[in-house]
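Just so you know, these numbers come straight off a predicted model, no measurement behind them. Numbers restart at 1 for each chain; the letters A, B, ... are given by sequence-line order, proteins then strands.
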Amino acid sequence: MTKYWLMKTEPTTFSIDDLETSEEQTTSWEGVRNYQARNTLRDEIQVGDRVLFYHSACKEPAVVGTATVVRSGYPDIHAFDRRHKYFDPKSDPAKPTWYMVDIQLEQKLDTPVTLKAMRGQAKLEGMVLLQKGSRLSVQPVKKKEFDTVLKMAAV
DNA sequence: GCCAACGTTGGC
DNA sequence: GCCAACGTTGGC
């Protein structure tokens, strides 16, 4: 069954425009270094799942597009590369600590759904993103929440 | 740039 | 195993 997720990225690092201009509009989602998010990437996300693409730590935090999962969890090889910024000496290639998935752009929203707008929407009250101190970079979204966000974009 | 919230590290 | 110190996230 299709599941729904939200993935955060700082647009200065990797934005929706970067995804749009990627080959086949597809990218690997590497560099997640949080165990809870790792578990999600490794164990839960399946091909065909849908993703809200969220820009964080920027002028206007917002959901800016949607993506679909085209490859489920596999080891984050950047953790093994000594010179890479995502290198982690504790990750053993024989038993990787970190995982990634591949996502493909579905649509870039004409109207981003801002964090502010989402906070004003009663239907999104329970959304993980909106909880106090929520820092998870890969987080579950309910179907109803996913649909509500998309509806808000189509104004 | 500030700072609250959170996760991780490491001494004991 | 506790918990203080530290580093990071991310909204404002």
Side-chain angles (χ1 to χ4, degrees), chain A residues 3-22 27-45 49-67 69 72-103 105-142 144-153 155:
Chain A
K3 284 181 283 190
Y4 300 83
W5 311 96
L6 179 143
M7 294 186 185
K8 290 182 190 173
T9 174
E10 299 188 17
T12 51
T13 302
F14 190 86
S15 71
I16 189 85
D17 293 326
D18 293 325
L19 179 59
E20 191 177 31
T21 55
S22 295
T27 188
S28 53
W29 204 253
E30 72 269 12
V32 173
R33 296 292 179 266
N34 167 281
Y35 286 100
Q36 198 178 341
R38 184 282 309 272
N39 292 346
T40 302
L41 291 172
R42 188 189 57 189
D43 305 331
E44 297 193 57
I45 296 185
D49 285 358
R50 305 185 64 200
V51 175
L52 293 175
F53 194 102
Y54 179 81
H55 280 173
S56 69
C58 56
K59 194 179 247 177
E60 186 113 80
V63 172
V64 292
T66 61
V69 175
S72 60
Y74 62 106
D76 184 340
I77 55 168
H78 300 99
F80 311 137
D81 180 355
R82 188 165 296 281
R83 284 164 315 202
H84 200 277
K85 68 170 171 169
Y86 292 136
F87 174 64
D88 180 358
K90 294 193 298 300
S91 187
D92 174 359
K95 198 167 179 275
T97 307
W98 305 115
Y99 282 73
M100 56 188 177
V101 300
D102 290 353
I103 64 170
L105 180 68
E106 188 173 81
Q107 66 172 146
K108 197 170 142 181
L109 300 181
D110 294 331
T111 318
V113 180
T114 64
L115 179 63
K116 201 172 152 195
M118 289 190 277
R119 286 202 191 285
Q121 172 56 256
K123 282 181 188 157
L124 297 180
E125 225 173 20
M127 203 173 168
V128 174
L129 181 72
L130 306 184
Q131 304 314 304
K132 189 176 176 184
S134 172
R135 289 177 21 175
L136 255 189
S137 61
V138 178
Q139 52 179 254
V141 173
K142 295 192 182 73
K144 194 195 286 182
E145 293 164 349
F146 188 94
D147 293 341
T148 299
V149 170
L150 287 198
K151 205 171 284 179
M152 291 168 73
V155 184

Can you pull every protein N or O that's under 3.5 Å from an N or O on nucleotides 1-8 of chain C?
unit_1: dT8(C); atom_1: O2; unit_2: R135(A); atom_2: NH1; d: 3.0

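We find that CD of E60(A) is positioned 12 Å from C1' of dC12(C), with the value rounded to whole Å. In this structure, L6(A) atom CG and dG10(C) atom P are separated by 11 Å, rounded to whole Å. dT9(C) atom C1' lies 15 Å from atom CD of Q36(A), rounded to whole Å. In this structure, NE2 of H55(A) is placed 12 Å from P of dG11(C), rounded to the nearest angstrom.
Applying the 6.0 Å contact sphere to CD of Q36(A) captures no more than 12 heavy atoms from other residues, nucleotides or ligands.
When side chains are defined from C-beta on, W29(A) counts as touching F14(A), because their heavy atoms get closer than 4.5 Å.
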Side chains of residues 113-126 of chain A: which donor-acceptor pairs under 3.5 Å do they make with residues two or more places apart or in other chains?
unit_1: T114(A); atom_1: OG1; unit_2: A117(A); atom_2: N; d: 3.0
unit_1: R119(A); atom_1: NH1; unit_2: L130(A); atom_2: O; d: 3.3
unit_1: Q121(A); atom_1: OE1; unit_2: K123(A); atom_2: N; d: 3.2

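The only option from L136(A), I45(A), L52(A) that meets the side-chain contact (heavy atoms from CB on, under 4.5 Å) definition with M7(A) turns out to be I45(A).
Of all heavy-atom pairs spanning A79(A) and R33(A), the tightest one is CB-NH2, 3.7 Å.
There is a side-chain donor-acceptor pair under 3.5 Å between Y74(A) and D102(A).
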